Amino acid sequence: MRQMKTVFLVGFLSMLAAGPVLAGDLYFGVKTGPMIVDSSVIKTDPTNVGVLIGYELGVVLGDLAVEGEMTTSTSDGEFKGGFGKFDLDTIAAYLAFRSAGPIYFKAKGGFLQVDDGSGSDTGVSYGIGVGLGIGIAQVELEYTQTAVDSDLAFVSAGVQF
């Protein structure tokens, strides 16, 4: 997880340094929602909050973008039977497509690393969503599924600028 965070941080700082050159195509966002853990031993799911940075590559009928995303639990999940609490931290890199228009659809795919405090695992992740452009901001609702653990999904609401 430390190596993924370092790569994400270096990429983020590189994009900030190149910001004046890339200004029209660079965007930042925040998101929050439940990390849904489909397991018979889970009593409550954790709630995660995250940040994302993206760069639009451009396409004729919509936008193709590269996105980096990092989330952390702000509310711990709880195991059934009083076996304790847990949190989930994620870091991901996606290729995302948004259709054209003020109301748009989003599809993304990439790689995600999940850290549950006792270890981490990396794998493929994909998602779908819908968004609404309001001035310079976009509001998005997303559902992201991970192949790291097929029982883990992230339902989020976010805004980006």
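Quick caveat: nothing in here was measured; it's all calculated off a predicted structure.
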inquiry  = Just to verify, what does Phe86 make a ring-ring contact (aromatic ring centres under 6.0 Å, His included) with, not counting sequence neighbours?
reply    = Phe79
ask   = Quick one: are Val159 and Val30 in side-chain contact, heavy atoms under 4.5 Å?
value = yes
ask   = Would you call Leu52 and Tyr27 a side-chain contact if the rule is heavy atoms closer than 4.5 Å?
value = yes
Between side-chain atoms of residues 127-142 and protein atoms elsewhere (two or more places apart, or another chain), which donor-acceptor pairs fall under 3.5 Å?
residue: Gln138; atom: OE1; partner: Gln160; partner atom: NE2; Å: 2.7
residue: Glu140; atom: OE1; partner: Lys106; partner atom: NZ; Å: 3.1
residue: Glu140; atom: OE2; partner: Arg98; partner atom: NE; Å: 2.7
residue: Glu140; atom: OE2; partner: Arg98; partner atom: NH2; Å: 3.2
residue: Glu140; atom: OE2; partner: Tyr104; partner atom: OH; Å: 2.8
residue: Glu142; atom: OE1; partner: Lys31; partner atom: NZ; Å: 3.2
residue: Glu142; atom: OE1; partner: Lys108; partner atom: NZ; Å: 2.6
residue: Glu142; atom: OE2; partner: Lys106; partner atom: NZ; Å: 2.5

Taking side-chain hydrogen bond (donor to acceptor under 3.5 Å, both in side chains) as the definition, give me every residue that meets it alongside [X], ordered by chain and number, with sequence neighbours left out.
| X | value |
| --- | --- |
| Ser99 | none |
| Tyr143 | Gln145 |
| Thr47 | none |
| Ser156 | none |

ask   = What heavy-atom pair brings Pro34 and Phe154 nearest, and what distance separates the two atoms?
value = O-CD1, 3.4 Å
Straight-line distance of Ser125 OG to Phe111 CZ, nearest 0.5 Å = 10.5 Å
key: From Ser120 atom OG to Asp115 atom CG, the distance as rounded to the nearest 0.5 Å   = 5.5 Å
Set of side-chain contact (heavy atoms from CB on, under 4.5 Å) partners for [X], sequence neighbours left out:
| X | value |
| --- | --- |
| Thr44 | Glu78 |
| Leu64 | Leu57, Val59, Leu95, Phe97 |
| Asp87 | Ser73, Asp76 |

key: Glu67 and Tyr55 side chains, donor-acceptor separation under 3.5 Å   = no
message = Hydrogens and angles aside, do Tyr126 and Thr144 bring a side-chain donor and acceptor to less than 3.5 Å of each other?
response = no
query = Is a side-chain donor or acceptor of Asn48 paired with a backbone partner of Leu88 at a separation under 3.5 angstrom?
reply =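 At least one qualifying donor-acceptor pair exists.
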message = Between Asp45 and Val37 (side chain of the first, backbone of the second, donor and acceptor by atom type, cut-off under 3.5 Å), is there such a pair?
response = yes
